[in-house]
Amino acid sequence: MSMLFDSGLQLERTALAWRRSCLALGIGSVAALRLLPSMLGSVWWLLPGIAGLALSAFLHAWNHRRYIGFSTCLLGNSDPSRRPGAGALIVLAATTMAIGAFCTALILTDVFG
Amino acid sequence: MNDRRFPASVFRVGKEPDVRFTLANERTFLAWIRTALALIAGGLALRLFGLDLHPGISMCASMWLVGTGMILPLLAWNDWARAERALRRETPLPKSFLGILLAISVAGSGVLIMLAIFYR
């Protein structure tokens, strides 16, 4: 019999929030894959979109591991210091800032004409 | 304590809170990240789609949006860390100024876009 250890479903809501975030990153990356090469005229502009998709998949996988880690803690079976840390959060924040910097460069160089 | 979680400046402070509060704090951070991505996308779209707007003012509006989207993750991380430390110390949660920043940013870019339409 499974135990209902969190009727607020905090863990599932957090996992879904991560999935939404990874999806947002993935959709932006697909848009970049579609638009950048044709607008900027070089196949090398596929690389930002590919990097974004790879990072989105990586964060999704990392989040799954964190979900398992938190789930174990909620079941009361492990030392609290073994809960997942915040590495995934800082990676996502840094990625978003990098995307902002890249878009700033695109706007300032007026590559869209 | 052999807590090797990142960042040590947060996880070596105080004692472990109810994990559900930690998860709620994390969801707040993720919401701010998605907001930042939306602002960046909006700012880029303003330049990308060649709308019939005053070029200089629409450039300012774009930069305003993208610039806000660029600093929001840093401020969200700072808020996450401060809130997590407060949870661990069992002290009141700190104030956040991200809401005011977002309101000013969106209102300001709206004004700039209206001017860009008016002066096209």
Side-chain angles (χ1 to χ4, degrees), chain A residues 5-6 8-25 27-28 31-32 35-36 39 63 66-67 69-71 73-74 76 79-108 110-113, chain B residues 1-8 10-12 15-50 55 58-60 62-63 65-78 80-81 84:
Chain A
F5 51 71
D6 180 17
L9 299 175
Q10 303 278 342
L11 197 51
E12 283 70 26
R13 289 165 60 194
T14 306
L16 283 171
W18 269 104
R19 284 174 197 159
R20 286 196 293 276
S21 304
C22 292
L23 191 60
L25 187 58
I27 288 171
L35 293 171
L36 289 181
M39 297 194 86
N63 171 52
R66 296 177 80 247
Y67 173 87
F70 276 118
S71 187
C73 291
L74 273 175
D79 176 11
S81 69
R82 292 177 63 85
R83 291 178 186 175
L89 280 73
I90 194 76
V91 167
L92 183 58
T95 300
T96 307
M97 291 179 72
I99 289 169
F102 179 70
C103 292
T104 300
L106 288 179
I107 291 169
L108 285 176
D110 204 20
V111 294
F112 302 118
Chain B
M1 183 187 301
N2 285 331
D3 195 335
R4 295 184 299 171
R5 288 177 289 173
F6 172 84
V10 169
F11 291 111
R12 289 190 186 177
K15 61 177 184 173
E16 210 64 29
D18 186 326
V19 72
R20 289 167 288 189
F21 297 152
T22 295
L23 293 173
N25 192 21
E26 189 165 314
R27 288 198 301 278
T28 304
F29 171 83
L30 291 172
W32 282 115
I33 293 295
R34 290 194 298 276
T35 304
L37 288 170
L39 287 171
I40 292 169
L44 194 61
L46 207 52
R47 295 301 295 164
L48 196 61
F49 293 119
S58 75
M59 166 83 89
C60 289
S62 283
M63 289 303 303
L65 287 170
V66 173
T68 306
M70 199 162 65
I71 64 167
L72 215 47
L74 190 64
L75 299 176
W77 168 260
N78 183 53
W80 172 86
E84 196 68 24

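By convention in this document, chain letters (A, B, ...) are assigned in the order of the sequence lines, proteins followed by strands, and residues within each chain are numbered from 1.
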Query - Least distance between heavy atoms, A:Arg83 atom then B:Pro17 atom - result: NH1-O, 3.1 Å

Query raised in the report: Rounded to the nearest 0.5 Å, how far apart are CD1 of A:Ile107 and CE of B:Met59?
Result: 7.5 Å

Report summary line: Between A:Ala17 and B:Leu30, the two heavy atoms sitting closest are CB-CD1, 3.7 Å

Query raised in the report: Relative to chain A, which segment of B:Trp32 carries a heavy atom at a distance below 4.5 Å: side chain, backbone, both, or neither?
Result: neither

Report task. Examine whether an atom of B:Leu74 lies under 4.5 Å from a heavy atom of chain A, and if so say whether it belongs to the side chain, the backbone or both; otherwise answer neither. Result -> both

Query raised in the report: Of the non-hydrogen atoms in B:Arg34 and A:Ser21, which two are nearest, and what is the gap between them?
Result: NH1-OG, 3.0 Å

Query raised in the report: Would you find more than 12 non-hydrogen atoms of other residues, nucleotides or ligands less than 6.0 Å from A:Phe102 atom CZ?
Result: yes

Query raised in the report: Which residues pass the salt bridge (charged side-chain N to carboxylate O under 4.0 Å, His left out) test with A:Arg13, sequence neighbours left out?
Result: none

Query raised in the report: Would you call A:Trp18 and B:Arg27 a side-chain contact if the rule is heavy atoms closer than 4.5 Å?
Result: no

Query - Test item: A:Met97 and B:Ile71 side chains (from C-beta on) under 4.5 Å apart, heavy atoms - result: no

Report summary line: Residues B:Leu37 and A:Leu25: closest non-hydrogen pair is CD1-N, 4.3 Å

Query - Test item: B:Ile40 and A:Thr96 side chains (from C-beta on) under 4.5 Å apart, heavy atoms - result: yes

Report summary line: Output for pair (B:Ser62 OG, A:Leu106 CG), nearest 0.5 Å, gives 11.5 Å

Query raised in the report: Listed by chain and number, what are the side-chain contact (heavy atoms from CB on, under 4.5 Å) partners of A:Leu23, not counting sequence neighbours?
Result: A:Ile27

Query raised in the report: Where is the tightest heavy-atom contact between B:Trp77 and A:Ala86, given as atom of each residue plus distance?
Result: CZ3-O, 3.8 Å

Report task. Measure A:Ile90 against the heavy atoms of chain B and call it side chain, backbone, both or neither at under 4.5 Å. Result -> both

**Report entry** pair A:Gln10-B:Glu26: side-chain heavy atoms closer than 4.5 Å
**Finding:** no

Requested in this report: Please look at B:Phe29 and chain A and tell me whether the side chain, the backbone, both or neither of the residue comes under 4.5 angstrom of a heavy atom of that chain.
Outcome: side chain

**Report entry** Most contacts with chain B, counted as non-hydrogen pairs under 4.5 angstrom, among A:Ile99, A:Leu35, A:Leu92
**Finding:** A:Leu92

Query raised in the report: Looking at A:Cys103 and B:Val66, what are the two nearest heavy atoms and their distance?
Result: CB-CG1, 4.2 Å

